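Just below is one structure, and these are the notes that go with it.
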Amino acid sequence: MAKYGFKYVKNFFYRLAHDEEFKAKVGDVIFNPDNPLAKLFDICVMGFIVFSVLIVIIESLLPESFAPYLHILEWVFTIFFSAEYALRFYCANDRKKYVFSFFGMVDLLATLPTYLSIFLSGAHGLLVIRVFRIIRVFRVFKLFNFLSEGHMLLQSLKESSRKIIVFFLFVLLLVITLGTLMYLVESGEPDSNFTSIPRGIYWAVVTMTTVGYGDITPVTAMGQFLSTVVMLMGYTILAVPTGIVSASMINQNQKDPGQVCPHCHKVGHDVNATFCKYCGKPLEKKETETTDDHKRTQEGEIIE
């Protein structure tokens with residue numbers, strides 16, 4: 001009897017792994033935003049995310065006597081997120097790419113800490129378990145997967161990442177230069193706090209970002225003049241990455257967030273795109289309504 005039962009389970013999972021029709025139906029529920037079941041699925045996932053994060057926060061406020069009840073709720077959330085991760089992995093066209101993607105790693109982090117707490121036990125492992133349990137807060141990043149605005153922001157940051165990296169390297173060289181210069185100017189004074197070049201670089205970062213802790217201040221006239229220049233320069237520099245990301249967001253806004261590729265399930269295509277820019281396969285054409293004035297055309301007329 002057990003032999004036949006094992007054979008039945010084996011055949012079931014074999015058919016599940018090779019049944020493309022069932023895989024397409026599940027993928028439509030998970031990835032297609034126009035499917036009513038997909039909307040319900042997204043609402044359930046978002047609700048579980050919010051409640052699970054609240055449980056982590058509340059757990060740090062309540063006494064240890066409430067821990068068993070919170071752990072039961074945590075296991076309910078973990079089983080749900082594990083099932084969601086398994087379904088996304090099952091429906092993904094490129095499973096390796098999904099596992100190592102940003103949202104794939106976030107989905108994994110949403111389930112991993114609870115399972116790790118089973119194997120990490122003992123007095124020396126308690127602190128490690130606590131760290132892993134705090135990582136559950138990262139579940140809040142899963143919300144970006146269900147917000148078109150969040151997707152647009154991530155795409156804008158991704159497209160402008162090279163410019164931001166070049167700008168960051170320029171700022172890094174600038175603060176090193178200014179910190180070293182301030183050290184040369186102020187290090188000879190008896191009341192100066194610029195005792196090393198790293199402290200000068202720290203001062204340059206704090207001043208250029210307009211934070212201004214005030215723990216390190218110049219005492220010479222030349223140092224104060226240089227400090228003024230760095231402050232004014234900071235206001236100008238802070239506007240550069242904002243402009244880079246804003247230009248990229250305007251670019252993203254001209255794309256159709258609702259156009260989903262039926263093959264790779266990715267979005268972010270141009271409004272008039274006919275092929276997916278990720279996999280190269282044709283996109284589904286949207287039916288557009290035309291007014292009666294456009295329909296009424298005579299022979300030889302040009303449609304407006």
Side-chain angles (χ1 to χ4, degrees), residues 53-54 56-62 102 105-106 109 113 124 126-144 147 149-253:
V53 174
L54 287 176
V56 177
I57 297 173
I58 294 172
E59 186 180 2
S60 63
L61 299 174
L62 298 177
F102 172 76
M105 298 299 292
V106 170
L109 285 174
H124 296 288
L126 288 177
L127 292 177
V128 179
I129 294 173
R130 189 173 182 81
V131 171
F132 279 120
R133 293 183 68 82
I134 294 299
I135 296 177
R136 292 175 296 170
V137 176
F138 281 98
R139 288 174 181 168
V140 74
F141 286 103
K142 285 166 62 65
L143 290 171
F144 278 101
L147 300 175
E149 293 82 1
H151 178 80
M152 185 181 71
L153 177 60
L154 290 177
Q155 286 295 114
S156 301
L157 291 174
K158 183 179 179 180
E159 289 188 0
S160 57
S161 58
R162 292 186 178 181
K163 296 178 183 178
I164 293 176
I165 289 173
V166 172
F167 174 75
F168 175 77
L169 291 176
F170 168 75
V171 173
L172 183 64
L173 294 174
L174 189 60
V175 295
I176 292 174
T177 304
L178 292 172
T180 305
L181 185 60
M182 183 61 80
Y183 169 74
L184 294 175
V185 172
E186 292 284 324
S187 60
E189 298 297 321
D191 298 332
S192 176
N193 292 320
F194 292 87
T195 56
S196 63
I197 292 178
R199 287 184 67 83
I201 295 173
Y202 163 75
W203 167 87
V205 173
V206 171
T207 306
M208 186 169 292
T209 55
T210 68
V211 175
Y213 289 124
D215 52 344
I216 303 177
T217 55
V219 294
T220 64
M222 186 64 188
Q224 291 171 355
F225 173 76
L226 183 61
S227 179
T228 304
V229 173
V230 174
M231 291 179 203
L232 295 175
M233 193 183 300
Y235 282 107
T236 307
I237 289 175
L238 288 176
V240 175
T242 306
I244 294 174
V245 177
S246 298
S248 181
M249 290 184 69
I250 293 173
N251 215 13
Q252 284 289 325
N253 201 30

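Given the structure is predicted, the values throughout are model-derived calculations rather than measurements.
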What distance separates Leu184 CG from Met222 CE, expressed to the nearest 0.5 Å? 11.0 Å
Strictly by ring pair (Phe, Tyr, Trp, His ring centres under 6.0 Å), give each pair with a member in residues 154-178 just once, sequence neighbours left out. none
Scan for side chain to side chain donor-acceptor pair (under 3.5 Å) pairs involving residues 186-195, sequence neighbours excluded, and state none if there are none. Glu186-Thr220
Partners passing side-chain contact (heavy atoms from CB on, under 4.5 Å) against Met231 (at least two apart in sequence or in another chain): Thr207, Ser227
Any ring pair (Phe, Tyr, Trp, His ring centres under 6.0 Å) involving residues 180-219? Give me the pairs, sequence neighbours left out, ordered by first then second residue. Phe194-Trp203
How would you list, by chain and number, every residue that makes a side-chain contact (heavy atoms from CB on, under 4.5 Å) with Ser196, sequence neighbours excluded? Pro198, Arg199
Taking side-chain contact (heavy atoms from CB on, under 4.5 Å) as the test, write out the residues that go with Leu62, two or more places apart. Ile58, Phe66, Leu70
Minimal heavy-atom distance between Val219 and Gln224, with the atoms involved, is O-NE2, 4.1 Å
Apply side-chain hydrogen bond (donor to acceptor under 3.5 Å, both in side chains) to Thr177 and list each qualifying residue two or more places apart in sequence or on a separate chain. none
Mind checking the OG1-CD1 spacing from Thr210 to Ile237? Nearest 0.5 Å is all I need. 11.0 Å
For Met182 and Gly223, work out which heavy atoms get closest and say how close. CE-O, 3.3 Å
Going by the ring pair (Phe, Tyr, Trp, His ring centres under 6.0 Å) test, which pairs reach into residues 230-249, not counting sequence neighbours? none
For the atom pair CD1 (Ile197) and OG1 (Thr180), what is the distance rounded to the nearest 0.5 Å? 4.5 Å
Neighbour count >12 (heavy atoms, 6.0 Å) for atom CE, Met233: yes
Any residue meeting side-chain contact (heavy atoms from CB on, under 4.5 Å) with Thr217, in chain and number order, not counting sequence neighbours: none
